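Have a look at the structure below before the remarks.
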Amino acid sequence: MTKLTVDTDISGEIIASLFPEQRERAEIFEFLKSVVDRYSNHIPSLKINPQMSKAEISEILSCYDFDSSQPSAVVLSDVLNMLEQGIVHVTSPNYFGLFNPSTSLWGCVADFITGLYNPQLAVWSHAPACVDIEEKLVNYLGQLAGFDAKTVGGSFTTGGAEANCTAMICALTQKVKGFAQHGLQIQAKRPVIYISADSHLAWLKIALQCGLGHDAVRLVDVDSAGKMNIVRLNAVLREDLENGFMPFMLVGTAGTTNAGSIDPLRELAVVAKEYDLYFHIDAAWAGAILLSEQHASLLTGIAEADSFTLDAHKWLTAPMGTGIFICADKGLLSEPFAVTTSYMPVGDSINKDPYLNSVQWSRRFNGLRLFLPLAILGRKGFSKMIDYQVELGDYLKMALEQNDWVVVNVTTLPVICFRDVLNGDVDLILEQVLTANKVWLSSTVFAKNKVFRTCITSFRSVTADVDNLITALNNARSLVYRTAITPDQSTLEQ
Ligand SMILES: *Cc1c(COP(=O)(O)O)cnc(C)c1O
């Protein structure tokens with residue numbers, strides 16, 4: 001028999017290569033500290049659009065063939081350089097863009113701690129403390145929405161799309177007989193879902209993932225305020241029933257992505273009841289308003305829903321990859337998601353193993369990204385931030401109107417769509433703004449017209465930043481007016 005030997009020198013080297021020892025760690029943390037300080041001092045003055053061309057990114061990446069090893073200092077410095085120069089800075093106070101927040105330091109700390117311990121939240125028994133923290137957050141938010149503390153449930157997801165997908169699976173399970181067992185193969189009628197034409201079109205992908213296909217999604221017309229038109233909804237429902245379809249789900253959007261419109265939730269609840277539809281509310285961004293003492297009532301009606309989606313990685317400052325699905329009755333979750341395997345620890349029916357009640361299997365501890373700031377700031381801290389951003393939105397609306405921009409959407413929420421008073425070309429003006437590279441905003445379609453879209457997204461934004469945004473817009477417009485060949489009313493107004 002040969003004696004087995006294991007080279008302990010090599011094992012020590014392996015460990016130190018993956019988790020450096022104290023002296024090297026101290027250097028890394030010193031470096032990271034300087035990175036964070038530099039970041040917080042410079043974030044307002046960074047050029048908002050990427051400074052690096054694709055060729056420059058390629059050049060840096062060409063040094064990485066992964067055959068040889070590289071000093072950590074070189075790799076870290078390359079990556080940080082690419083992050084500073086090679087992205088749109090969504091955490092800048094000058095970012096008035098999509099629902100991509102500035103992240104709290106607590107959220108970043110949460111990511112680090114989670115990475116360090118790497119708890120596995122698939123089963124309760126592997127990470128009871130973490131599963132209970134997430135459950136507490138889900139229950140807290142569900143109760144803010146008015147769900148019963150005894151039955152509320154749900155899970156952290158990777159984002160709004162996964163949370164909405166969870167909702168569709170629950171809806172199919174509840175309303176389409178035999179779905180969890182047999183899928184759609186045995187259905188004589190085709191299940192269809194109702195959302196507004198201004199809702200988030202991740203729903204199309206979700207319909208596909210659930211085996212329904214894109215055209216099972218009925219895009220119901222919106223009214224002039226961007227809210228689902230109830231008369232149209234009733235008409236489409238009746239028509240579908242007459243034509244042999246099986247309506248099973250109604251989704252209200254609370255805070256449309258283009259214009260912050262909130263569907264008439266209470267009226268939708270009545271329709272859902274009348275037609276026996278599963279009622280979900282997609283409040284991915286604006287669901288955060290539940291934490292606001294002043295504005296939570298904007299979501300009145302949410303208590304009538306079977307479930308809702310809230311992204312902590314939008315208005316609640318969590319790093320990317322933090323959505324939440326919250327349902328009124330957690331009993332909904334076990335039928336579609338429960339499976340048994342030989343290799344997983346025995347299912348814990350009392351504490352509800354997350355992998356048996358949600359889409360994911362292995363599960364990262366993303367809830368910590370919300371737990372830390374919520375525990376440290378309290379609801380009041382978030383309420384203050386949200387109410388301030390709503391007020392800043394009002395300030396922006398006023399400033400726009402004083403500067404010959406016309407606000408076209410009506411909402412309390414800080415998403416503002418507008419056009420130039422003389423209908424100057426949106427694309428041309430926007431191109432000038434983005435080329436000047438001081439602020440970031442986008443365009444969208446609202447009420448069938450191309451318009452500018454701004455959102456107060458960063459907790460760092462203050463009135464001076466809004467003033468900069470107005471200046472950037474005014475300058476871009478003057479440039480476009482000046483370069484127009486015949487800048488008379490007839491070409492500008494169309
Ligand atoms: C952002 C958003 C989504 C998609 O969420 P992700 O987190 O990007 O997956 C869905 N619905 C609404 C209303 C949204 O604003």
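Numbers here are sequence positions counted from 1. Remember, it's 1-based here, ligands and their atoms both numbered in the order they're listed. Owing to the predicted nature of the structure, the values given are computational and were not obtained by experimental measurement.
Two rings, from Y275 and Y194, have their centers 6.0 Å or more apart.
Within the structure, the side chain to side chain donor-acceptor pair (under 3.5 Å) test picks out the following pairs touching residues 322-333 (sequence neighbours left out): T322-R369.
Scored by the side-chain contact (heavy atoms from CB on, under 4.5 Å) test, K273 finds E304 as partners (sequence neighbours excluded). By the side-chain contact (heavy atoms from CB on, under 4.5 Å) test, P119 is found to be paired with T114, Y117, L121, A127, C130, F365, residues two or more places apart in sequence or in another chain being considered.
Ring-plane geometry between W405 and F418 is classed as perpendicular, the angle between the planes exceeding 60 degrees on a 0 to 90 degree scale with a lower cut at 30.
At a heavy-atom cutoff of 4.0 Å, ligand 1 is surrounded by F99, G159, G160, A161, N164, H200, G255, T257, D282, A284, D311, H313, K314.
Two residues are said to be in side-chain contact when any heavy atoms from C-beta on lie closer than 4.5 Å; D198 and S261 fail this criterion.
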